[in-house]
Number of protein chains: 2
Amino acid sequence: MRLTLAFAAACAATLAVLPASPPLHAEGLNIAGARIVDLTHAIDRDTIFWPTEKKTFELVEEHRGLTERGFFYAANRFCLPEHGGTHVDAPFHFAKEGKTVGALPIERMVGPAAFIDVSAKAAVDVDYTLQPADVTAWEALNGKIAPGTIVLLRTGWSSRWPDKRAYLGDDTPGDASHLHFPSYGADAVRLLIARGVSVIGVDTASIDNGPSKDFLVHRAAGAANVIGVENLTNLDQLPPKGAWVVALPMKIAQGTGAPARVIALLPR
Amino acid sequence: MRLTLAFAAACAATLAVLPASPPLHAEGLNIAGARIVDLTHAIDRDTIFWPTEKKTFELVEEHRGLTERGFFYAANRFCLPEHGGTHVDAPFHFAKEGKTVGALPIERMVGPAAFIDVSAKAAVDVDYTLQPADVTAWEALNGKIAPGTIVLLRTGWSSRWPDKRAYLGDDTPGDASHLHFPSYGADAVRLLIARGVSVIGVDTASIDNGPSKDFLVHRAAGAANVIGVENLTNLDQLPPKGAWVVALPMKIAQGTGAPARVIALLPR
């Protein structure tokens, strides 16, 4: 059979109507060809925690140097609150009947990403909250958000990390009553929950915005067993759709949250 | 164009010689259709650490119950050594010039899995170490191990978790001199390093076996910037090849190791 590009194109068009194996539906991605982007801040002494946390990240050196048998060996232990740095909020964080980290279904931590960028609006209003109209505008361009989607909201705030005052709006120790930063709005999250999303993530310190006192987004997400992810970074590298996200928390059985490593897999 | 299966098959054979888009090379996997298996032990009071660790996992409740504003809220902080439970060994753990957790390239944490099962040999010899002949026998059946592969070694020991005495061979506090469990052997690991593997994982407490005193596997892996993963579980659910693994440690900047969430993506 003589091979020509025209023939190959005809073949491809024909094969497209056959069931493919493995399935390659619209949201699929071949992991072998994917470009990987790390959406996680490193954890160190500068990691930002909620202002009411009395203790933050502490690394204690247990050994560093030669052992008596003559080889190098280093090991540490560490302490931190569950809710700081890039981390997951389990539903139990704000919902008494919600799941703890250890009980979260692993299938909810892997999914196609819907990337929504409100950085232009947040640049004008530091307390901006995502509105239902932002979601429907995104859907008009990119298609309806499917069940199992991982929503990633970009405000642009990760560029302020790790400057606590710039990132949180206030750096008074122990005081969380004067915070300013953008995030999700409760009505938009109710719409996303109705769509069946698995995860809502953001590049600020909370899935509720800075001035929030009643944490309606946390409570709505928790009640629906939707996972929150906070303090993401590198979201500017994502396309509106087509990427897949893997958001894996440390598996703390009784955790209300946990440090997470979050990556995006992008089509080449 | 009339569609027949024979024609479609001819097309498929023809297209196979063209560059595919997205690439679908032999080790590819469509993430959309994958079955996900969690290879991670949950972290709780029973989590096994190295016997010389004086402190293990501690979860401190910071809040649990109604706030003054009337909604449920729960949060904890926690402490643990880097090396316990399902976790990553960074090369720096045993190699002074090796990378810390925060410096590990994210691309090395995602890769095709080569699953090697020595549980039958370990059932006879509790200190069994993987031999070069085990690797070449696996390759004779499954093909040469490619650069970037994540090797997962099953000994069957995860079924003993969290019984410290059964899992480590000895549960004397503070004493690591009488341990017994199987793992990698140094010659086999040198062969795997020569193949260019990214990660070596095992379902026991260490990538060196229990009686090891000089930790030759850790030192060889560290010197080659190969990542170790210890205390895996559910490896019996993996095929010899065809799965992909995502092994994501908590991003401790200066970590010699870190708790990790490790999952396998399996073709359906």
Side-chain angles (χ1 to χ4, degrees), chain A residues 1 3 8 10-12 14-15 18 22-25 27-33 36 38 40 42-44 55 59 69 71-83 92-96 102 106-107 110 213-214 219 244 246 248-256 259 261 263 267-268, chain B residues 1 3 8 10-12 14-15 18 22-25 27-33 36 38 40 42-44 55 59 69 71-83 92-96 102 106-107 110 213-214 219 244 246 248-256 259 261 263 265 267:
Chain A
M1 194 185 310
L3 178 67
C11 284
T14 305
L15 283 173
L18 289 175
L24 280 171
H25 71 65
E27 305 294 341
L29 178 81
N30 188 343
I31 195 169
I36 305 173
D38 193 351
T40 318
I43 298 178
D44 58 24
K55 297 181 176 182
L59 191 75
R69 292 179 80 94
F71 56 84
F72 178 85
Y73 173 73
N76 310 306
R77 59 188 166 85
F78 62 94
C79 298
L80 74 164
E82 291 168 338
H83 300 276
F92 181 66
H93 187 32
F94 275 83
K96 194 178 176 184
I106 195 74
E107 293 74 17
V110 178
K213 297 290 175 284
D214 286 321
R219 290 157 68 183
W244 277 65
V246 182
L248 296 184
M250 185 182 157
K251 196 173 180 176
I252 304 175
Q254 297 304 318
T256 72
R261 194 67 179 265
I263 63 172
R268 291 246 181 215
Chain B
M1 197 185 308
L3 179 65
C11 284
T14 304
L15 283 173
L18 289 176
L24 279 172
H25 70 64
E27 304 296 339
L29 178 80
N30 188 344
I31 195 169
I36 305 173
D38 192 351
T40 317
I43 298 178
D44 57 24
K55 297 180 176 184
L59 190 75
R69 292 179 78 94
F71 56 84
F72 179 85
Y73 174 73
N76 310 306
R77 58 187 166 85
F78 62 92
C79 297
L80 74 165
E82 291 168 338
H83 299 275
F92 181 66
H93 187 32
F94 275 83
K96 194 178 175 185
I106 194 75
E107 292 75 17
V110 177
K213 297 289 175 286
D214 286 321
R219 290 156 69 183
W244 277 64
V246 182
L248 297 183
M250 186 182 156
K251 196 174 180 176
I252 304 175
Q254 297 303 319
T256 72
R261 194 67 179 263
I263 63 171
L265 304 166

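Fair warning: this is a prediction, and the values are worked out from it, not measured in the lab. Lettering follows sequence order; numbering is per chain, from 1.
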Checklist entry - Between A:Ile36 and chain B, which part of the residue has a heavy atom less than 4.5 Å away: side chain, backbone, both or neither? => result both
Checklist outcome for this item: Interatomic distance, CG@B:Leu59 vs CG@B:Asp44, rounded to 0.5 Å, equals 10.0 Å
Next on the checklist: Between B:Asn76, B:Ile106, B:Ile252, who has the most heavy-atom pairs with chain A when the cutoff is under 4.5 Å?
Outcome noted: B:Asn76
Checklist outcome for this item: For A:Ala42, the side-chain contact (heavy atoms from CB on, under 4.5 Å) test, sequence neighbours excluded, returns B:Lys251, B:Ala253
Item to check | A:Leu80 side, atom CG; B:Met250 side, atom CE - distance, nearest 0.5 Å | outcome: 4.5 Å
Checklist entry - Non-hydrogen atoms of chain A under 4.5 Å away: do they reach the side chain of B:Ala75, the backbone, both or neither? => result both
Next on the checklist: Distance check, rounded to the nearest 0.5 Å: B:Trp244 atom CH2 versus A:Asn30 atom CG?
Outcome noted: 7.5 Å
Checklist outcome for this item: Residues at least two apart in sequence or cross-chain that pass ring pair (Phe, Tyr, Trp, His ring centres under 6.0 Å) with B:Phe92, listed by chain then number, are A:Phe72
Checklist outcome for this item: Whatever's closer than 4.5 Å to a heavy atom in chain B on A:Lys213 counts as both
Checklist outcome for this item: Pair count under 4.5 Å, heavy atoms only, with chain B: among A:Arg261, A:Arg77, A:Lys96, highest is A:Arg261
Item to check | Selection from B:Glu107, B:Arg219, B:His83 maximising heavy-atom pairs under 4.5 Å formed with chain A | outcome: B:Arg219
